[in-house]
2 protein chains.
Amino acid sequence: MPYIMDNPFKSISILYRKSHIWLNNGCAQYDLTAPQAVIILIVCDFKTLTQDEITKRLSLDKSVIAKTVTKLEETGFIIRSTNAKDKRTYDIRPTDKAWKVYPFLKEELDICFQRMTQRMTDDERAEWKRLLLLAAETTIALED
Amino acid sequence: MPYIMDNPFKSISILYRKSHIWLNNGCAQYDLTAPQAVIILIVCDFKTLTQDEITKRLSLDKSVIAKTVTKLEETGFIIRSTNAKDKRTYDIRPTDKAWKVYPFLKEELDICFQRMTQRMTDDERAEWKRLLLLAAETTIALED
DNA sequence: TCAATATGGTGGCAATTGCCACTTCATTAC
DNA sequence: GTAATGAAGTGGCAATTGCCACCATATTGA
């Protein structure tokens, strides 16, 4: 079946959904879902973040972050502590449990990327990655 | 805020969610949601399709297509008729109402694409589009 | 021919997400 | 200092999606 008349919107949708299914399956062994894994990754990357910072970096609604972070606290992957300077905000930090799965989660992401780019040359892969990042940053910058 | 330590998985997620929000807003004037618009586009592209063909082309679960198609029939954008050769399948065809919005939906998709690639050169835009399509096709081919 | 298997489609349930209204605390303007 | 505005976070609701069990019809194999 040829995929003529295709457009980038459809491609992005397919890549998003499939990569989430892959990541969900890959993370099940750690009792994590894909969105939980993404938050652990970003919290480990930055060591300390507020919920609002996560919201901005992932460009997700703040209520979505609140729900996922609550669950991650319950399951012991992160710790929340009230910020001393601003009592409205939480400082979010990874626990040892998070640091333990961190390298495996990065590996899972890598597997996803390799899977969807397996027909690309190394140059194409690097260029695609660069342009994806450029587009995502452009998109984030658009909203105020 | 610098977006260091970023990865393509996160970029794809952001692009998917934002483009859907944009398309939803753009399609509201036609009383359509983004997923409904995508199905109208593909049905108009191919003139006649079964639900299963839509499922394969969009790489969505068949029950999702069934639900959306049912709604589109109720709102008069498509017609379902039982296939003569296989009574289990429907032939799905666009109505005049679908053909009327079709060019505008294509325009909306174009606006989305322009928005997220506005910092790219024409060459980069074309290359990104090509690689997106390649990755999406690779992804679809992976599942059996 | 007839049983076993495969395929297209439907309905139910749970998870993720987006939007909105709301609370609490900070900051700004007067 | 106090009122008005803004920002961080929460909870509720609806829409989309994925998975599973199921039904009806085709196809295959003995």
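A, B, ... follow the sequence lines: proteins, then strands. Residue 1 opens every chain. On a predicted model such as this, the values are computed, not experimentally measured, just so you know.
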Check ion pair A:R130-A:E127 (N to O, under 4.0 angstrom): yes
A:K87 side-chain proximity, nearest of C:dT10, D:dT25, C:dA26: C:dA26
Integer-rounded Å distance: D:dT17 P and A:I12 CD1: 15 Å
Nearest to side-chain heavy atoms of A:R17, which nucleotide of D:dT10, D:dG18, C:dT10: D:dG18
Contact under 4.0 Å: B:Q51 side-chain N or O vs C:dT10 OP1/OP2: yes
From C:dT17, C:dT24, C:dT10, nucleotide with atom closest to B:K62 side chain: C:dT10
Sugar-phosphate, base or nothing in reach of B:S63, heavy atoms under 4.0 Å: base
Distance in angstrom units between B:E53 CD and C:dG9 C1', rounded: 14 Å
Nearest to side-chain heavy atoms of A:D61, which nucleotide of C:dT10, D:dA26, C:dC20: C:dC20
d(NE2, A:H20; C1', D:dC19) in whole Å: 17 Å
Sugar-phosphate, base or nothing in reach of B:I21, heavy atoms under 4.0 Å: sugar-phosphate
Donor-acceptor side-chain pairing of A:S63 and A:D61 below 3.5 angstrom: yes
Sugar-phosphate, base or nothing in reach of B:L60, heavy atoms under 4.0 Å: sugar-phosphate
A:I65 CD1 - D:dA7 C1' separation (whole Å): 16 Å
Ring geometry between B:H20 and B:Y16 (parallel below 30°, tilted from 30 to 60°, perpendicular above 60°): tilted
Residue whose nearest DNA chain D nucleotide is more 5′ - A:T55 or B:Y16: A:T55
Ionic contact status for B:K56 with B:E53, cut-off 4.0 Å: no
Criterion side chain to side chain contact (heavy atoms under 4.5 Å, CB included) on A:T70 and A:R80, from CA distance to verdict: CA-CA 9 Å; A:T70 300; A:R80 265 201 281 212; 3.2 Å; yes
Length of the CG-P vector between B:D86 and D:dT27, whole Å: 6 Å
Gap between atoms NZ and C1', on A:K18 and D:dT16 respectively (whole Å): 15 Å
Nucleotide nearest A:K71 when distance is taken to its side chain, options C:dT16, D:dT10, D:dA8: C:dT16
Atom pair distance, as rounded to whole Å: OH in A:Y90 and P in C:dA26: 13 Å
Side-chain donor-acceptor pair present, A:S59, B:R17, cut-off under 3.5 Å: no
Donor-acceptor pair (no angle test) under 3.5 Å: A:R88 side chain, D:dA7 base: yes
Interatomic distance, B:L32 CG vs D:dA15 P [rounded to whole Å]: 14 Å
Side-chain donor/acceptor contact of A:K67 with base of D:dG9 under 3.5 Å: no
Sugar-phosphate, base or nothing in reach of A:T33, heavy atoms under 4.0 Å: sugar-phosphate
